> 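Attaching a single structure in structure tokens format; questions to follow.
Note that this is a predicted model, so its numbers are computed, not measured. Indexing begins at 1, ligand by ligand and atom by atom, following the structure's order.
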Amino acid sequence: MLKLGVNIDHVATLREARYRGRSHGDPDPVAAALICEAAGAHGITAHLREDRRHMQDRDIWKLREVIQTRLNLEMANAPEIVAIALKLKPDIICLVPERRQEVTTEGGLDVVGNERAITETSKKMNDAGIEVSLFIAPDPAQIAASARTGSQFIELHTGAFAERFTGPDTCSSRREEAHSSREQSESLLTSAATIQKDDELQRLISGAKQAHALGLKVNAGHGLNYVNLAALSGVPHLVELNIGHSIISRAVTVGLSAAVKEMLHLMETYRGT
Ligand code: PXP
């Protein structure tokens with residue numbers, strides 16, 4: 001079964017928009033995490049950025065204390081954050097590149113150019129009982145380098161794939177259709193699934209196959225939503241999807257529990273072929 005990790009960073013983004021610098025405020029990402037778990041999410045993902053623009057240290061410590069599923073800490077390979085992770089002991093970390101200017105993580109990690117540093121961090125984490133995932137583009141050289149670092153997972157960056165679906169006809173209007181009834185939802189799934197296996201989808205398919213052959217487990221994430229999810233069904237070997245923005249956005253209109261359940265429902269169609 002394909003698992004869902006809900007990225008709750010944007011709950012903290014909303015809180016920080018009003019309460020930056022305070023030790024409290026709504027909405028609370030920890031409360032959101034508990035709702036996601038109760039709705040069936042298989043894990044919670046949170047990114048402790050070096051600039052603390054959304055998640056704060058207190059959030060991740062509280063998450064570690066209360067969540068019952070799996071905590072995936074997204075992080076840069078930076079000494080301060082590595083030290084925090086080794087103390088926090090999330091179930092898994094996902095190393096991501098961080099650029100201050102970006103709104104969210106925009107590109108994949110350069111494992112080829114940072115192989116030694118990533119290998120060292122991966123070993124430290126594994127020695128502490130923490131699994132490691134690397135957020136990379138579906139690029140053959142990056143996948144091969146990832147396998148050499150001793151990391152257990154890669155997370156394939158689906159941003160370029162997701163971009164294929166943006167536009168008025170494929171995004172806003174059809175999203176509502178996807179939610180309006182089961183039949184409509186299924187017909188939308190079929191039409192999304194028939195979208196040609198374009199270059200980006202092919203890159204994900206061959207990346208997943210290459211990683212699997214090298215012994216890596218394969219996650220995917222970034223930009224996944226209620227519309228583009230169906231086309232991902234052709235990507236083999238996927239273990240978990242990490243989805244944030246679309247679920248948190250959907251929660252504004254239907255509530256977080258319903259938004260998570262809707263996504264899980266769509267994920268049931270995953271075949272991996
Ligand atoms: N996976 C990783 C590694 C991320 O950095 C992010 C956030 O950019 C996500 C998944 C979730 O992306 P989105 O919020 O677009 O669903």
> If the contact criterion is a heavy-atom separation under 4.0 Å, does Gly223 count as touching ligand 1?
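In this structure, Gly223 qualifies as a contact of ligand 1 - some heavy atom is under 4.0 Å.
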> Side-chain donor-acceptor pair under 3.5 Å between Glu155 and Asn242, yes or no?
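Yes - a donor-acceptor pair under 3.5 Å links their side chains.
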> Check each atom of ligand 1 against the heavy atoms of Val96 and keep those under 4.0 Å away; list them by number with element.
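In order of number, 3 (C).
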> Any N or O on His222 sitting closer than 3.5 Å to an N or O of ligand 1?
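Yes.
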> Tell me the contacting part of His157 for ligand 1: side chain, backbone, both, or neither, using a 4.0 Å heavy-atom threshold, strictly below.
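Neither; no heavy atom under 4.0 Å.
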> May I ask whether His47 has any heavy atom positioned less than 4.0 angstrom from an atom of ligand 1?
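Flag not set, His47 not near ligand 1.
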> Would you name the heavy atoms of Ile84 and Ile60 that are closest together and state the gap between them?
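Smallest heavy-atom distance, with atoms named: CG2-CD1, 3.9 Å.
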> Please name the pair of heavy atoms, one in Pro27 and one in Arg15, separated by the smallest distance, quoted to 0.1 Å.
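Taking Pro27 first and Arg15 second, the nearest heavy atoms are O-CB, 3.4 Å.
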> Using a 4.0 Å cut-off to any heavy atom of Asn242, which atoms of ligand 1 qualify?
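Checking each atom against Asn242, I get 10 (C), 11 (C).
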> Checking Gln210 side chain against Pro140 main chain: does a donor-acceptor pair fall under 3.5 Å?
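Yes, Gln210 side chain to Pro140 backbone: donor-acceptor pair under 3.5 Å.
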> Can you tell me if Glu16 uses its side chain to pair, donor with acceptor, with the backbone of Arg53 under 3.5 Å?
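Not confirmed, Glu16 side chain does not pair with Arg53 backbone.
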> Numbering the atoms of ligand 1 from 1, which are under 4.0 Å from a heavy atom of His245?
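Reading through ligand 1 atom by atom, the close ones are 13 (P), 14 (O), 16 (O).
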